[in-house]
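The shown structure was predicted, so the numbers you read here are calculated from the model rather than taken from an experiment. In what follows, chains carry the letters A, B, and so on, assigned in the order in which the sequence lines appear, proteins first and then strands, with residues in each chain numbered from 1.
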Amino acid sequence: MPELPEVETIRRQLCTAGVKGRVVEKVLIDWPRTVDPLSPAVFCKKITGRTIERLSRHGKWLIFELDSEDNLLVHLRMTGGFYLSSGALKKGTYDRAILQLSGGLNLHFRDPRKFGRMRLGVFPLGLGPDAMEIGARQFFQTLEKTNRGLKTLLLDQSFIAGVGNIYADEALFEARLHPLRKAGTLTDDEMLALYNAVTHVIRSAVENGGTSLGDGQGNYTDLNGNSGGNSDKANAYGRAGLPCVVCKNPLEKITVAQRATVFCAHCQH
DNA sequence: GAAGACCTGCTA
DNA sequence: TAGCAGGTCTTC
């Protein structure tokens with residue numbers, strides 16, 4: 001599932017592939033809800049002729065900065081991804097939108113489950129600081145203000161943007177903190193451990209080119225169709241019932257905020 | 001704060 | 001063939 005490291009990997013690859021500086025010459029929308037709330041006709045009209053000046057990211061949102069008042073904001077949700085083609089346009093089975101760029105480059109937005117979204121706006125709304133950029137002080141201040149459970153909090157994009165189910169479980173495992181632990185009960189050392197774990201887990205996943213984990217069809221692949229190099233790094237996610245890498249006791253699986261949550265009851269408190 | 005809706009393909 | 005997976009928005 002694309003979380004921050006996967007989106008960042010795609011962003012970097014789009015830069016390398018030379019998407020920057022190209023003009024959007026034509027837009028094809030195959031699944032209208034992809035561009036909801038705009039109609040495909042309005043959406044296409046607004047970005048046709050615009051130049052992609054920069055590619056940035058905040059949390060899980062990919063931002064195509066255009067030479068207009070609006071930018072193109074893309075959220076991959078669970079199964080979204082991009083790939084490029086050149087020459088004669090050939091639509092792939094799961095392509096929901098295709099941007100035909102100047103120089104004969106086609107940018108395909110592929111999304112089997114149709115949850116991904118393309119929006120027009122200056123910047124994605126309602127997000128907290130990016131997980132790669134949040135400072136320790138800001139992290140502590142937010143933790144101290146709430147008594148929500150840690151896993152729920154980590155998944156809340158208005159608290160910290162970019163952490164999803166995989167990296168939430170991995171960060172809590174690394175910090176030795178129980179997913180249901182209330183934020184307000186953490187000691188200073190525990191808050192620091194959580195901060196270090198979140199930033200370390202996210203940054204090392206970015207360095208490894210993202211993680212490909214999931215239920216099979218939702219597996220993430222990068223721009224070139226490769227799965228992430230971080231796949232064998234999971235200590236908790238997807239390892240329910242398997243021995244903890246630290247204490248060898250079987251990992252437990254519970255549901256938190258309606259998501260599968262795996263942790264070690266022996267190591268995480 | 002919890003649960004449903006949105007979707008589809010893979011697994012059991 | 002039923003159920004699961006997951007991110008976010010909507011609705012109780």
Across the strands shown, which category fits A:R117 at heavy-atom distances under 4.0 angstrom: base, sugar-phosphate, nothing? nothing

Rounded distance in Å - CZ (A:F109) to P (B:dC7): 13 Å

Tell me: CZ of A:R96 to P of B:dC7, nearest whole Å? 10 Å

Are A:H108 and A:F82 near enough that their ring centres are under 6.0 Å apart? no

Quick check on C:dG7: is either OP1 or OP2 less than 4.0 Å from any side-chain nitrogen or oxygen of A:Y167? no

Between A:Y94 and B:dG9, is there a side-chain N or O to OP1/OP2 distance below 4.0 Å? yes

Can you tell me if A:T185 and A:R181 form a side-chain donor-acceptor pair at under 3.5 Å? yes

Taking any heavy-atom pair under 4.0 Å as a contact, classify A:Q157: base, sugar-phosphate, or nothing. sugar-phosphate

It should be established whether A:R259 places a side-chain nitrogen or oxygen under 4.0 Å from OP1 or OP2 of nucleotide C:dG7. yes

For the aromatic rings, using the six-membered ring if either is Trp, is the centroid distance between A:F159 and A:F139 under 6.0 Å? yes

Distance in angstrom units between A:L73 CG and C:dC9 C1', rounded: 16 Å

Check whether the side chain of A:R113 and the base of C:dA5 form a donor-acceptor pair under 3.5 Å. yes

Measure CE/A:M118 against P/C:dT8 and give the value in whole Å, please. 17 Å

Whole-Å distance between C:dT10 P and A:Q258 CD? 16 Å

Is the distance from OP1 or OP2 of C:dG7 to the nearest side-chain N or O of A:H75 less than 4.0 Å? no

Does A:A257 reach a base, just sugar-phosphate, or nothing at all? Heavy atoms under 4.0 Å. nothing

Value in whole Å for how far the C1' atom of B:dG1 lies from CG of A:L155: 15 Å

Side-chain H-bond candidate by donor/acceptor type, A:E25 with A:T48, under 3.5 Å: no

Of the nucleotides C:dT8, B:dT8, B:dC6, which one has an atom closest to the side chain of A:K114? B:dT8

A:F159 atom CZ is separated from C:dG7 atom P, nearest whole Å, by 17 Å

How many Å lie between CG on A:D111 and C1' on B:dT8, as a whole number? 10 Å

Pair A:F173 + A:F263: ring centers closer than 6.0 Å: no

Does a nitrogen or oxygen in the side chain of A:K60 sit under 4.0 Å from OP1 or OP2 of C:dG6? no

Need one value for A:W31: base, sugar-phosphate or nothing, where a base atom within 4.0 Å counts as base even if backbone is also close, heavy atoms only. sugar-phosphate

